[in-house]
Amino acid sequence: QVQLEESGGGLVQVGGSLRLSCARSGRTFSTYTMAWFRQAPGKEREFVSLISWHENTTNYADSVKGRFTISRDNAGNTVYLQMNSLKPEDTAVYYCAAGPLMLTRSTDQYLYWGPGTQVTVSS
């Protein structure tokens, strides 16, 4: 069983930056995709970004393109989400997820989830 734990959330001003981390523990799989999702109050959980460990393929939601960057360490134990130029609409609980498919934005395709970390962007 893969366990995920997010960290790095907090309160940041509009236009500021924040770096989220997702630490993975437990069983390691050779091929899997790591992704970030977020859920704002009253809204459905939405895709933010993903990265394929073995090919380093990345994908971003249109709302965060040019502002967010997803990356991983060489060992594949940690995935990061660098968030720049933050906007109030970025406020949400951010979740790290892992799944076997290479490229998917569907929440139901991700098998493992972290408990989430709160990101609040304020003026």
Subject >> Closest contact, heavy atoms only, Cys96 versus Met34 >> reply: SG-CE, 3.4 Å

**OP:** Run through Asn84, Leu18, Leu20, Val48 and flag the one making a side chain to side chain contact (heavy atoms under 4.5 Å, CB included) with Phe68.
**Re:** Val48

Original post:
What is the minimum heavy-atom distance between Tyr60 and Thr69, and which atoms define it?
Top reply: OH-CA, 3.4 Å

**OP:** Find out whether Ile51 and Val79 are in side-chain contact, i.e. whether some heavy atom of one side chain is under 4.5 Å from a heavy atom of the other.
**Re:** yes

Original post:
After noting the C-alpha distance and the side-chain angles of Ser49 and Asn59, does the key distance pass the side chain to side chain contact (heavy atoms under 4.5 Å, CB included) rule?
Top reply: CA-CA 5 Å; Ser49 184; Asn59 192 253; over 6 Å; no

Original post:
Between atom OG1 of Thr104 and atom CD of Gln109, what is the distance when rounded to the nearest 0.5 Å?
Top reply: 5.0 Å

Subject >> Straight-line distance of Cys22 SG to Tyr94 OH, nearest 0.5 Å >> reply: 14.5 Å

Original post:
Partners of Glu5 by side-chain hydrogen bond (donor to acceptor under 3.5 Å, both in side chains), sequence neighbours excluded?
Top reply: none

Original post:
Do you know the tightest heavy-atom contact between Ser17 and Ser85?
Top reply: OG-N, 4.4 Å

Original post:
Is there a donor-acceptor contact under 3.5 Å linking the side chains of Arg105 and Tyr110?
Top reply: no

Original post:
Hey, is the main chain of Gly9 close enough, under 3.5 Å, to the side chain of Thr117 for a donor-acceptor pair?
Top reply: yes

**OP:** Determine, using the 4.5 Å side-chain heavy-atom cutoff (strictly less than), whether Trp36 and Tyr112 are members of one ILVMFWY cluster.
**Re:** yes

Original post:
Are side-chain N/O atoms of Arg72 and Asn77 paired as donor and acceptor at under 3.5 Å?
Top reply: no

Subject >> Heavy-atom pair with the smallest gap, counting every atom of Ala98 and Tyr32 >> reply: CB-CD1, 4.4 Å

Original post:
Name the one of Val64, Ile70, Asp90, Val119 that satisfies side chain to side chain contact (heavy atoms under 4.5 Å, CB included) with Met83?
Top reply: Val119

Original post:
Does Arg38 make a cation-pi contact with Tyr95 (under 6.0 Å, within 45 degrees of the axis)?
Top reply: no

**OP:** To the nearest 0.5 Å, tell me how far Leu50 CG sits from Thr33 OG1.
**Re:** 6.0 Å

Original post:
Counting only N and O atoms by type, is there a donor-acceptor contact under 3.5 Å from the side chain of Glu6 to the main-chain atoms of Gly116?
Top reply: yes

**OP:** Please check if atom CD in Glu89 has more than 12 non-hydrogen atoms from other residues, nucleotides or ligands closer than 6.0 Å.
**Re:** yes

Original post:
Would Tyr80 end up clustered with Leu86 when hydrophobic side chains under 4.5 Å apart are linked, directly or stepwise?
Top reply: no

Original post:
Quick one: does Thr91's side chain have a donor or acceptor within less than 3.5 Å of a partner on Val121's backbone?
Top reply: yes

**OP:** Check Pro115 against Leu4 and note the closest heavy-atom contact, atom names and distance.
**Re:** CD-O, 3.5 Å

Original post:
Do Leu101 and Leu103 belong together in a cluster built from hydrophobic side chains that touch within less than 4.5 Å?
Top reply: no

Subject >> side chain to side chain contact (heavy atoms under 4.5 Å, CB included) between Leu81 and Arg19, worked out >> reply: CA-CA 6 Å; Leu81 185 67; Arg19 186 179 182 88; over 6 Å; no

